[in-house]
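Each chain gets a letter, A, B and so on, in the order its sequence line appears, and its residues count up from 1. The figures that follow rest on heavy atoms only: side chains count, while hydrogens, waters and symmetry mates do not.
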Amino acid sequence: MKARAFSYFRARTIDEALAAHAGAGDEARFIAGGQSLVPALALRLQAPTILIDINHVDELRGIRREGDRLRIGALTRHREMLTEPLIAEFAPLLRAAAPFVAHPAIRNRGTLGGSVALADPASEFPAMVLALDAEIEIAGPSGRRIVKADEFFIDLFETALAPGELLVAIRVPLFRSNQRIAFDELARRRGDYALVGCGMIATFDQHRIADIRIALFSVGNLPMRAISTEAALVGSRLDAERIAAAQTALGQDLAPAESDDVPAAMRMHLARVLLGRVLGRLGEAA
Amino acid sequence: MTAPLTSLDRPNSYIGRSVPRPNAKRLLAGRGRYVTDLRLPRMLHAAFLRSPHAHARIISIDVDAARAQPGVHLVASGADLAMICTPWTGTLDHFKGMISEPQLPLPIDRAVWAGQAVVAVVAESRAIAEDALERITVDYEELPAVVDLDAARAPHAPLVNPAASSNICFRTQLDSGGVDEAFAAAAHVVEEEFGFGRHTPVTLEPRAIVADYEPDSGVLTVHHATQTPYQFQDLYSRHYGIPEARVRVIAPDIGGSFGMKLHVYHEDMAVVGLSILLGRPVKYVADRIESFVSDIHARDHHVRARMAVDADGKILAMDVVDVTAIGAFSTYPRTSVVEGNQVIRLIGAPYGFKSYRAALEVVFQNKVQTSQYRAVGHPIACAVTERMVDLAAERVGLDPLVMRANNVIADDAYPAASPTGYKFEALSHEACLRRLRAIMNYDSLRDEQAALRRRGVHRGIGIATFVEITNPSPAFYGVGGARISSQDGATISLTPSGEVRCAISVTEQGQGTEAIVSQIVAEQLGIAQEHVKVLTGDTEVTPHGGATWACRGAGIGGETALQAARQLKANILEIAALILQEQPAALDIVDGQVVSRSTQQPRLAVAEIARISYFRSDTLPPGTQAQLTVSHHFAPQGYPFAFTNGVQGCYLEVDVDTGFIKLLKHYVVEDCGRIINPMLVDEQLRGGVVQGLGAALFEECRYGETGQLLNGSLADYLVPMAMEMPDIVIDHVETPTADTILGAKGCGEAGTAAASACVLNAVNDALTPFGASINAIPITPARVLKALNRY
Amino acid sequence: MSGAPVELDDVDDAVRVRMVVNGRKVACDVAPRDTLVDVLRGPLELTGTHAGCEMGACGACLVQLDGCAVHACLMFAVQADGARIDTIEGLSASGVIADLQAEFHRRNALQCGFCTPGMLMTAHELLSQVARPGREAIRDALSGNFCRCTGYEAIVDSIAAVAEARAAKAAEGSSR
Ligand SMILES: Cc1cc2nc3c(=O)[nH]c(=O)nc-3n(C[C@H](O)[C@H](O)[C@H](O)COP(=O)(O)OP(=O)(O)OC[C@H]3O[C@@H](n4cnc5c(N)ncnc54)[C@H](O)[C@@H]3O)c2cc1C
Ligand code: FES
Ligand code: FES
């Protein structure tokens with residue numbers, strides 16, 4: 001398990017990184033935390049000729065308020081989701097998901113940007129970014145652009161990022177006092193990718209759900225929003241009956257594929273059970 | 001019988017004490033010396049190109065581009081190595097009628113499992129060797145692969161070995177007689193079919209070897225992460241035609257073994273050949289991806305069982321059929337049929353019924369070989385037996401613990417024999433069951449279970465009794481023609497400064513062999529433990545012996561050390577007696593001092609005897625030759641095996657909506673005879689239990705239809721991790737064997753033997769209200785939900 | 001082999017890397033593809049850091065990078081240029097984990113010892129962040145550290161005991 005030979009470039013600025021990539025074309029890869037990329041290189045599943053290290057690009061770092069959004073730099077490590085007060089206050093859903101992402105040492109190194117750019121359908125953060133209605137800030141050879149999370153995830157490991165583009169930051173709406181979040185997942189062992197996971201953020205009007213966004217992961221080729229399920233909940237109180245209706249509605253949102261160890265029907269069943277539990281918790285969070 | 005050898009409160013009484021392992025401090029400081037750490041001058045690195053197909057003819061191999069790559073020193077295929085290495089066959093004579101094809105380090109014309117090594121590259125670094133692998137082209141013609149067990153047995157199944165008439169490797173039967181009659185007369189008959197998933201040992205340090213052939217002197221030195229260096233010395237010598245005395249195998253620190261590191265692996269044999277071809281040291285470390293497709297696997301069994309009981313719940317008879325698939329070859333030199341053989345012989349072992357019938361069928365398939373892994377056969381025998389006992393108890397309406405108490409061989413009935421003919425010297429099932437009831441707080445646990453069940457929380461309690469085979473005599477392998485020793489040897493010396501050095505053939509993989517040997521030697525000699533140095537794992541330094549397998553380290557190795565130490569003590573006292581003008585019998589050694597036996601008064605330091613003997617022999621009476629080095633061998637006699645026994649309990653919770661299982665607590669009561677170091681025994685049990693729990697819930701090598709391993713990485717193959725494992729409560733009953741002075745039996749496999757059975761019973765207990773049942777491990781959420789009809 | 005000029009590939013051109021390893025400045029030439037674990041264990045001869053999976057799944061390769069536990073198999077050595085790396089050898093020599101080592105020893109929280117350096121790294125980091133973690137929190141922190149030998153309990157016990165001892169000591173210190 002040794003990677004194929006490549007050369008290495010340490011970028012200091014976004015422009016340097018972009019230029020280096022542009023110079024090498026398809027044969028280049030950015031490396032952030034490396035927690036997904038390095039195993040892929042070691043297994044020779046990928047073999048770039050040049051690795052562009054973005055860990056020293058300060059512009060990709062930092063968490064700050066920008067108007068009604070929290071801007072989280074791409075290089076924010078998973079661990080910071082657990083320790084940064086701004087995250088706890090303004091993006092508690094990311095905080096709630098973070099303990100389930102891998103293990104402490106991987107969280108020390110893995111980055112939010114890397115996780116979202118990779119868009120592993122079994123990953124927590126891409127799905128939560130979707131639930132949070134985040135904006136993804138992208139820098140490319142032809143300038144900056146912003147893509148809504150709803151448009152960012154396209155297919156299996158495929159995103160709106162074109163080759164050579166950098167994910168710069170994730171911008172999430174600030175958490176408000178009339179909102180609640182809930183998150184949970186079913187993983188065989190602590191830190192494993194889940195068999196199914198679910199996170200949600202709801203805005204309440206008194207005891208009624210005024211708005212809700214629900215995202216699931218490990219249920220298909222990409223992180224999935226449960227649109228019909230959300231629709232089934234808006235305008236109602238979260239009682240047992242509503243939760244059951246939401247669980248039924250989930251059938252319209254998901255169509256998990258067969259896999260060798262988890263039959264599709266089982267995954268659907270688990271998704272329903274989990275949805276019920278997470279909604280239950282959302283109710284309790286009142 | 002359970003009295004300690006010496007009282008614990010006198011100086012140097014170490015047997016029975018939880019003393020920490022002296023050699024562990026090094027490991028804690030990161031100063032272990034594993035084969036993976038080794039770098040020798042001019043050392044090269046090997047890597048292997050592996051077959052992508054489960055079964056394929058090798059048409060041609062083009063290695064020119066690889067050979068031309070800078071940094072590559074050798075590219076070798078099957079034919080190259082076949083010129084210097086003789087083939088091996090994994091059969092033994094006492095398994096009548098068994099067959100297996102001859103094997104070579106690398107295949108010549110056919111690959112028989114996906115992942116089999118086909119071409120070797122030796123280069124300056126592992127990375128360069130892997131680069132070269134990408135430049136080799138092998139032209140394969142795919143052949144039909146035999147993947148699952150039933151397919152292997154099907155009438156017109158493709159043949160794993162085209163020269164054979166079927167895919168059967170071995171068949172055998174046991175029949176005590178009277179089985180049909182017993183079933184006919186039974187008040188109840190229960191039956192079940194069981195599936196056991198293939199799993200693999202996953203030692204944290206992968207297999208590693210550095211072979212160093214020195215052409216000028218013709219000496220081969222192999223640094224090998226193995227538990228059995230002498231066996232490999234013999235094999236390398238015979239298959240490469242090098243005189244035994246010129247082959248040295250060194251097994252330094254080893255990062256886990258569990259039976260996995262005592263088999264012949266194709267790559268390891270190849271590496272020795274590569275070093276011979278190059279005349280340079282060659283290193284090979286299996287990476288984790290290679291481990292999954294080339295380390296032995298184990299326990300791929302389907303078992304059908306029936307049990308007959310009378311109206312009171314007395315077990316009358318069992319009738320079982322075990323079918324197991326072992327891969328494309330039987331493993332060398334211990335074979336791949338031992339596991340199945342032990343399954344059918346251990347079933348029913350704790351119980352006193354007489355009528356037993358079993359059939360075993362061992363078949364080939366296109367997968368990597370299975371073979372001995374910790375607790376060989378035991379977990380399967382135990383799960384089958386114990387699940388049947390629970391089914392019978394339920395049918396009769398008895399509590400599982402009561403059912404067992406009513407049926408185990410009574411503690412006062414020994415010597416006794418198992419239904420399969422194993423001879424038991426003395427076991428303690430009844431005492432163990434009583435202890436278990438106490439430490440589990442069984443009755444209140446049942447109350448708690450009932451109360452929670454009413455609230456929709458589904459907990460289960462599982463019990464499993466077991467018998468474990470330890471201290472094997474030559475009846476195990478020797479009689480079958482294997483050059484695998486069941487004796488051990490020790491060379492023990494008093495050093496000139498009065499310390500002791502003991503070179504012994506049992507080996508250390510972290511279980512504490514060196515610690516217990518030093519405890520035994522120190523106690524027997526009456527010197528402080530820190531003055532005993534134990535050497536293991538080097539064929540050049542220690543006498544030939546069986547080393548470490550089948551829980552023989554304490555029982556056989558320990559007894560060897562004990563007897564050697566007693567001889568050395570006698571020799572020391574003889575010299576002391578001459579110096580002190582006393583009778584040897586009037587003297588003893590306490591804390592490094594020769595004392596008078598009657599008064600315990602110190603008379604002379606042992607160090608002084610050493611000094612006089614080594615440097616002033618002129619002051620000893622004429623004709624005296626001090627013998628301060630003793631070599632001693634010990635082979636078990638008497639019973640062919642020292643059986644141990646015990647019982648485990650498990651408490652768990654099943655989430656009936658998700659199928660997830662949470663292990664809450666695990667309990668073990670174990671009788672391994674004399675306990676030399678309670679802490680080390682408990683740690684063996686805990687580690688063993690967790691391996692069994694992994695098998696019960698997580699571990700399985702999953703294959704696709706074409707024979708590809710689907711989860712061959714540490715990210716996909718689920719090993720038990722800290723968060724999911726329970727705390728484990730341990731208690732002991734101590735019934736020493738009278739076959740040895742020491743009285744120790746083994747304990748290394750007891751944990752693994754019954755843990756999965758316990759979980760199986762506990763999950764089924766939890767599912768009782770649903771009328772659902774589980775008959776296969778690992779017990780995945782998918783299996784639980786399926787049983788509950790949830791999807 | 002004689003006469004003809006030898007063609008040498010240059011894909012593996014060495015890069016000079018400078019790091020502070022266990023408190024000492026080191027410089028060594030590595031290929032960009034060499035992982036940190038391979039460089040520590042190879043040219044730097046720090047074989048206390050182990051490799052059990054080379055893909056982040058076993059924890060045997062944990063080291064500290066600028067004070068944080070990271071997997072040395074999931075980083076290339078070139079990336080560590082300018083960084084501070086502490087391995088088991090360094091933590092051992094400095095005495096910061098002496099109490100953990102002693103407790104592991106006393107309770108036999110290791111068998112083969114292959115996982116042990118990684119376990120100690122995790123334990124050390126946990127105790128530097130949480131003063132008195134419960135058993136559950138300890139097991140959680142260890143969730144990426146595979147041990148095939150011990151069954152984990154003695155490791156958990158040892159860490160819990162050290163946490164208690166350190167807390168007791170701290171309380172004693174502050175009450176004075
Ligand atoms: C044992 C193990 C268990 C894990 N378990 C989980 C888990 O349970 N849940 C989970 O979500 N993840 C898990 N991970 C993955 C981990 O969270 C990764 O850190 C994460 O998915 C990728 O982040 P990274 O910073 O390491 O990215 P890298 O590995 O550096 O990069 C990943 C990909 O994204 C690209 N990339 C990275 N940053 C950018 C950027 N800013 N702009 C454009 N492209 C970029 C890279 O080129 C690469 O293709 C696990 C990893 C391991 C090794
Ligand atoms: S070797 Fe790095 S985690 Fe296994
Ligand atoms: S002690 Fe062997 S892997 Fe942990």
Chemist: Please classify the contact of Thr47(C) with chain B as side chain, backbone, both or neither, using a heavy-atom distance under 4.5 Å.
Modeler: both
Chemist: So what's closer than 4.5 Å to chain B heavy atoms on Ala98(C): side chain, backbone, both or neither?
Modeler: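 Neither part.
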Chemist: Are Arg686(B) and Thr150(C) close enough that some pair of their side-chain heavy atoms sits under 4.5 Å apart?
Modeler: no
Chemist: What part of Leu110(C) is in contact with chain B, defined as an atom under 4.5 angstrom from a non-hydrogen atom: side chain, backbone, both or neither?
Modeler: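 Both backbone and side chain of Leu110(C) come within 4.5 Å of chain B.
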Chemist: In terms of heavy-atom proximity below 4.5 Å to chain B, should Glu54(C) be classed as side chain, backbone, both, or neither?
Modeler: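 Just its side chain gets close to chain B.
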Chemist: Pick one of side chain, backbone, both or neither for Phe114(C), based on which atoms fall under 4.5 Å of a heavy atom in chain B.
Modeler: both
Chemist: Against chain B, work out which of Cys58(C), Ala154(C), Ser92(C), Gly52(C) has the most heavy-atom pairs shorter than 4.5 Å and name it.
Modeler: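 Option with the top pair count is Gly52(C).
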Chemist: Answer with side chain, backbone, both or neither: which region of Asp157(C) has an atom nearer than 4.5 Å to a non-hydrogen atom of chain B?
Modeler: neither
Chemist: With only heavy atoms counted, which part of His50(C) is less than 4.5 Å from chain B, the side chain, the backbone, both or neither?
Modeler: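 Contact with chain B is through the side chain of His50(C) alone.
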Chemist: Where on Glu45(C) is there a heavy atom nearer than 4.5 Å to chain B: the side chain, the backbone, both, or neither?
Modeler: side chain
Chemist: Hey, could you give me the CE/CZ distance between Met679(B) and Arg106(C), rounded to the nearest 0.5 Å?
Modeler: 8.5 Å
Chemist: Let's test your reading of the structure: which of Gly48(C), Cys53(C), Ala31(C), Ala102(C) forms the most heavy-atom pairs below 4.5 Å with chain B?
Modeler: Cys53(C)
Chemist: For Arg107(C), is it the side chain, the backbone, both, or neither that has a heavy atom closer than 4.5 Å to a heavy atom of chain B?
Modeler: backbone
Chemist: Given salt bridge (Lys or Arg N to Asp or Glu O under 4.0 Å), test Arg126(B) with Asp38(C) step by step and report yes or no.
Modeler: CA-CA 11 Å; Arg126(B) 171 75 189 223; Asp38(C) 284 350; over 6 Å; no
